[in-house]
Structures are given as C-alpha cells and as structure tokens.
Chemist: 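Below is one structure. I have some questions about it.
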Amino acid sequence: MTRLRFILTATAIMVLIALALPAPADAQAQEPRDRRAFEAAAEAAAPMAGRSYAWARCAGLYRSVRLHAGRQALGEARWDYAGQVEAALHRRASLERAEEFGQAWPSARISAEVDIDALARLYLARYHAMIAATGRPWSRDPIWAADNETCGGLLDGL
C-alpha cells in the first residue's frame, strides 16, 4: 500500500510540475520523435545494458525530470525524494550488471551511471522537443506517460 501511495504521489508531483512550467516564448515548433525512433535512440544510448536496461532507463527518466524541473521548482522534499528513487534504481541497475556480466561492483556502478546519464540526456532532448510542439515537457507525451507507468511497476518490485 505504501509503494502504491509513493507511485501515485510521485506521478502527481511530476504532472503538477509539468503544468506549472511555462513553455519558452521563443520555442520553434518541431515534432518530437515517434515511439519507434525514441526506442531505437534509447537502446543505442545504453547498448551494453543487458538486463539492467529497464532499471537504467527509469533512473534516467527520474534524473531527467529532476534536471529539467530543478531543485527550486521541485522543492527540497520532492527533490530529495526523486533523488532517492533515482539512487535506488541506479543501485538495482548496477546489481543487475554485476550479476549478469560478472562485473565488480565499482565497474558495474560506473557503467550503469554512464548509461543513466545518456538516457537522461535523451529524455531532456525530448522534453525540449515536446515544449516546442505542445508547450509542455511531458504531460502530453504518450511516451513519457508509458515510461512513467513502467517505472512505477519497477518501483513496486524494489
């Protein structure tokens, strides 16, 4: 029950932040990538992730939301909470890598970090395209909504 409340609260917070952020006045309209193109780009961003891919992708999603919104917009409590979720996802991605590839923990942690950062940058680029197309970074993005739901399911397993 606590995890469900956590997921619902996190989703509500992200949607409220998206609604509160204004679109830049000088944004030029451009179409965001479709799902197939985004999936290909995400897989290319983390080509050696193996079983850790979903965990790294979700950590990248949480990182991207934190980086896009910023500490001030999120407030300290939400900023810290999102950071804790990202850290838990990062740990799980690292553990999956260590087990799957027989990597030492420090190596698995670093390689997961590289992929998480690459995935976060991909999401950030998508937010900019979505702002230009819709005025909102993620609230009207079906890919973000689907990924957020998938990540909520992963968080249930932690």
Chemist: Side-chain heavy atoms nearer than 4.5 Å, only ILVMFWY residues, links allowed to pass through others: does that put Y53 and F38 together?
Modeler: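 Unlinked, Y53 and F38 end up in two clusters.
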
Chemist: Taking all non-hydrogen atoms of both residues, which atom of S64 and which atom of A120 are closest, and how far apart?
Modeler: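 Looks like CB-O, 3.6 Å.
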
Chemist: By side-chain hydrogen bond (donor to acceptor under 3.5 Å, both in side chains), which residues pair with Q72, not counting sequence neighbours?
Modeler: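 Here no residue qualifies.
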
Chemist: Who passes side chain to side chain contact (heavy atoms under 4.5 Å, CB included) against D141, sequence neighbours left out?
Modeler: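 By the side chain to side chain contact (heavy atoms under 4.5 Å, CB included) rule, D141 matches R126, M130, I143, W144.
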
Chemist: Sequence neighbours left out, what passes side chain to side chain contact (heavy atoms under 4.5 Å, CB included) with A54? Give chain and number order.
Modeler: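 In terms of side chain to side chain contact (heavy atoms under 4.5 Å, CB included), with neighbours along the sequence ignored, A54 is linked to L154.
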
Chemist: Could you go through residues 91-102 and list every donor-acceptor pair under 3.5 Å that involves a side-chain atom there, pairing it with any protein atom two or more places apart or in another chain?
Modeler:
from	atom 1	to	atom 2	distance (Å)
R92	NE	E96	OE2	3.3
R92	NH2	E96	OE2	3.4
S94	OG	H90	O	2.9
E96	OE1	R51	NE	2.9
E96	OE1	R51	NH2	3.3
R97	NE	S52	OG	3.0
R97	NH1	S111	OG	3.3
R97	NH1	D115	OD2	3.2
R97	NH2	S52	OG	3.3
R97	NH2	D115	OD2	2.4
E100	OE1	R51	N	2.6

Chemist: Which heavy atom of L119 sits nearest a heavy atom of A42, and at what distance?
Modeler: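 Scanning both residues completely, I find the closest heavy atoms to be CD2-O, 3.5 Å.
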
Chemist: With heavy-atom distances below 4.5 Å as the criterion, would you say the side chains of L155 and Y62 are in contact?
Modeler: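 L155 reaches Y62 side chain to side chain.
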
Chemist: Could you check L124, V85, D117, L89 and say which one makes a side-chain contact (heavy atoms from CB on, under 4.5 Å) with R63?
Modeler: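 Looking at L124, V85, D117, L89, the match for R63 under the side-chain contact (heavy atoms from CB on, under 4.5 Å) is D117.
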
Chemist: Mind checking what makes side-chain hydrogen bond (donor to acceptor under 3.5 Å, both in side chains) contact with D147, not counting sequence neighbours?
Modeler: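 Only R57, Y123 meet the side-chain hydrogen bond (donor to acceptor under 3.5 Å, both in side chains) criterion with D147.
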
Chemist: Just wondering, do I116 and W55 contact through their side chains at under 4.5 Å, heavy atoms?
Modeler: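 No - every pair of side-chain heavy atoms lies 4.5 Å or more apart.
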
Chemist: Taking NZ, NE, NH1 and NH2 as the nitrogens, is one of them in E39 or R35 under 4.0 Å from a carboxylate oxygen of the other?
Modeler: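 A salt bridge links E39 with R35.
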
Chemist: Per the disulfide bond (SG atoms under 2.5 Å apart) rule, what does the pair list look like for residues 85-120, sequence neighbours excluded?
Modeler: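 Output for this query is empty, none listed.
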
Chemist: What pairs with T150 under side-chain hydrogen bond (donor to acceptor under 3.5 Å, both in side chains), at least two apart in sequence or on another chain?
Modeler: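 Once residues adjacent in sequence are excluded, T150 has no partner under the side-chain hydrogen bond (donor to acceptor under 3.5 Å, both in side chains) criterion.
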
Chemist: Do R136 and I131 have side chains that approach each other closer than 4.5 Å (heavy atoms only, starting at C-beta)?
Modeler: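 In short, these two side chains do not touch, never coming nearer than 4.5 Å.
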
Chemist: Can you run down the disulfide bond (SG atoms under 2.5 Å apart) pairs that involve residues 41-95, sequence neighbours left out, and say none if there aren't any?
Modeler: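 The answer is C58-C151.
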
